[in-house]
*Asks:* 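The structure under discussion is supplied below as C-alpha cells; questions concerning it will follow.
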Amino acid sequence: QVLLLESGGGLVQAGDSLRLSCAPSGRTFSSSGMGWFRQAPGKEREFVAAINWSGLITRYADSVKGRFTISRDSANNTMYLQMNSLKPEDTAVYYCAAARFGGTPDLKEGIRKILAAYKHWGQGTQVTVSS
C-alpha cells in the first residue's frame with residue numbers, strides 16, 4: 001500500500017514560519033508531479049502549490065504566492081512546503097498528494113479537475129495560525 005506521510009504541522013502565531021514535509025512509503029514518486037492542498041473547516045479542499053517531477057517547475061495559488069515555497073529532495077524522496085509570514089486564514093489541514101503525471105496542473109482548470117489529477121493522498125497535518 002502506498003502511503004504519503006505528512007509532518008511539520010502545528011500551532012503558531014501570525015507571522016511565524018513552518019515547514020511541512022511529505023515522505024512516501026511503499027514506492028518512490030521521482031517521476032511524478034507532487035502537490036500540496038489544504039482544507040479548512042466547512043470549506044472545500046483547495047490547491048496550494050505543485051511541483052513537477054524534476055523540481056524545476058512550480059505553481060502556487062495566488063493566496064500563498066510569495067510566502068510559500070514548494071520543493072523536493074529526490075535523494076531523500078521527500079517534498080517540502082516552506083510557509084513564511086503565516087496568516088490566520090492559512091489555518092487548515094494540509095495534504096500532500098502525488099499526481100498521475102510528471103508535470104504540474106493547469107491552474108485555469110477548476111478545482112475538481114485539479115484534484116482528479118492527483119492519485120495518492122496523505123492523511124493530512126493540521127496547521128493552526130493564531131492572530
Side-chain angles (χ1 to χ4, degrees):
Q1 183 181 359
V2 177
L3 295 175
L4 292 173
L5 304 174
E6 303 99 336
S7 61
L11 171 62
V12 296
Q13 293 186 329
D16 286 351
S17 299
L18 278 176
R19 189 176 79 158
L20 305 183
S21 300
C22 173
S25 67
R27 59 165 285 184
T28 177
F29 288 99
S30 58
S31 61
S32 299
M34 303 284 291
W36 287 99
F37 295 77
R38 67 187 182 187
Q39 188 165 15
K43 295 188 177 181
E44 289 190 345
R45 190 167 298 190
E46 64 175 0
F47 169 80
V48 175
I51 190 166
N52 79 325
W53 68 275
S54 69
L56 296 179
I57 299 174
T58 57
R59 299 280 185 263
Y60 295 94
D62 288 341
S63 59
V64 306
K65 203 172 292 183
R67 299 188 298 123
F68 290 11
T69 302
I70 188 171
S71 62
R72 65 192 301 168
D73 183 341
S74 297
N76 293 321
N77 200 28
T78 302
M79 178 180 65
Y80 304 98
L81 184 68
Q82 177 66 44
M83 305 186 295
N84 298 331
S85 302
L86 282 162
K87 304 175 182 180
E89 50 264 43
D90 294 319
T91 295
V93 177
Y94 283 70
Y95 299 89
C96 71
R100 302 176 189 272
F101 55 97
T104 54
D106 181 351
L107 299 188
K108 295 189 294 293
E109 295 184 329
I111 184 62
R112 292 186 187 277
K113 282 193 174 181
I114 293 174
L115 289 171
Y118 290 82
K119 182 177 181 180
H120 301 286
W121 292 83
Q123 295 298 306
T125 184
Q126 177 70 46
V127 172
T128 303
V129 184
S130 63
S131 58

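Any value given below was found using the heavy atoms of this structure, including those in side chains, with hydrogens, waters and symmetry copies removed.
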*Asks:* Mind checking whether Tyr80 and Val93 sit in one hydrophobic cluster, side chains of I, L, V, M, F, W, Y counted as touching below 4.5 Å?
*Replies:* no
*Asks:* Is there a side-chain contact between Val64 and Arg38 in this structure, where contact means two heavy atoms from C-beta onward sitting under 4.5 Å apart?
*Replies:* yes
*Asks:* Show me the donor-acceptor pairs within less than 3.5 Å that the side chains of residues 95-106 make with the rest of the protein, sequence neighbours left out.
*Replies:*
from, atom 1, to, atom 2, distance (Å)
Arg100, NE, Ala116, O, 2.8
Asp106, OD1, Lys108, N, 3.0
Asp106, OD1, Lys108, NZ, 3.4

*Asks:* Please table the atom pairs, donor to acceptor, closer than 3.5 Å between any side-chain atom in residues 65-76 and protein atoms at least two apart or in another chain.
*Replies:*
from, atom 1, to, atom 2, distance (Å)
Lys65, NZ, Asp62, OD1, 3.1
Arg67, NH1, Ser85, O, 2.9
Arg67, NH1, Asp90, OD2, 2.8
Arg67, NH2, Ser63, O, 2.9
Arg67, NH2, Asp90, OD1, 3.0
Arg67, NH2, Asp90, OD2, 3.4
Arg72, NH1, Ser32, O, 2.8
Arg72, NH1, Asn52, O, 2.9
Arg72, NH2, Phe29, O, 2.8
Arg72, NH2, Ser32, O, 3.3
Asp73, OD1, Ala75, N, 3.0
Asp73, OD1, Asn76, N, 3.3
Asp73, OD2, Asn76, ND2, 2.8

*Asks:* Tyr94 and Val129: same hydrophobic cluster, using ILVMFWY side-chain contacts below 4.5 Å?
*Replies:* yes
*Asks:* Mind listing the closest non-hydrogen atom pair of Asn84 and Ser17 along with its distance?
*Replies:* OD1-OG, 2.9 Å
*Asks:* Would you sort out whether Thr91 and Gln126 count as a side-chain contact (heavy atoms from CB on, under 4.5 Å), showing the intermediate values?
*Replies:* CA-CA 8 Å; Thr91 295; Gln126 177 70 46; 4.0 Å; yes
*Asks:* How close do Ala50 and Tyr118 get, heavy atom to heavy atom, and via which atoms?
*Replies:* CB-OH, 3.5 Å
*Asks:* Decide whether Leu86 and Trp36 are clustered together by the hydrophobic rule: side chain heavy atoms of Ile, Leu, Val, Met, Phe, Trp, Tyr closer than 4.5 Å, transitively.
*Replies:* yes
*Asks:* Please report the interatomic distance CD(Gln39) to CD(Glu46), rounded to the nearest 0.5 Å.
*Replies:* 9.0 Å
*Asks:* Rounded to the nearest 0.5 Å, what's the gap from OG on Ser131 to NZ on Lys87? Could you check?
*Replies:* 13.5 Å
*Asks:* Report yes if the side chains of Arg45 and Trp121 come closer than 4.5 Å at any heavy-atom pair, otherwise no.
*Replies:* yes
*Asks:* With a 4.5 Å limit on heavy-atom distance, are the side chains of Leu20 and Met83 in contact?
*Replies:* yes
*Asks:* What is the distance from atom CD of Glu109 to atom CD1 of Ile114, rounded to the nearest 0.5 Å?
*Replies:* 6.5 Å
*Asks:* Closest heavy-atom contact between Gly8 and Leu18?
*Replies:* O-CD2, 3.6 Å
*Asks:* What heavy-atom pair brings Ile111 and Phe47 nearest, and what distance separates the two atoms?
*Replies:* CD1-N, 3.7 Å
*Asks:* Tell me, do Asn77 and Pro24 make a side-chain contact under 4.5 Å, heavy atoms counted?
*Replies:* yes
*Asks:* Has Glu6 got a side-chain atom pairing as donor or acceptor with Gly124's backbone, closer than 3.5 angstrom?
*Replies:* yes
*Asks:* Any sub-3.5 Å donor-acceptor pair from Thr78's side-chain atoms to Ala23's backbone N or O?
*Replies:* no
*Asks:* Please say whether more than 12 non-hydrogen atoms of neighbouring residues, nucleotides or ligands are located less than 6.0 Å from CD in Gln123.
*Replies:* no
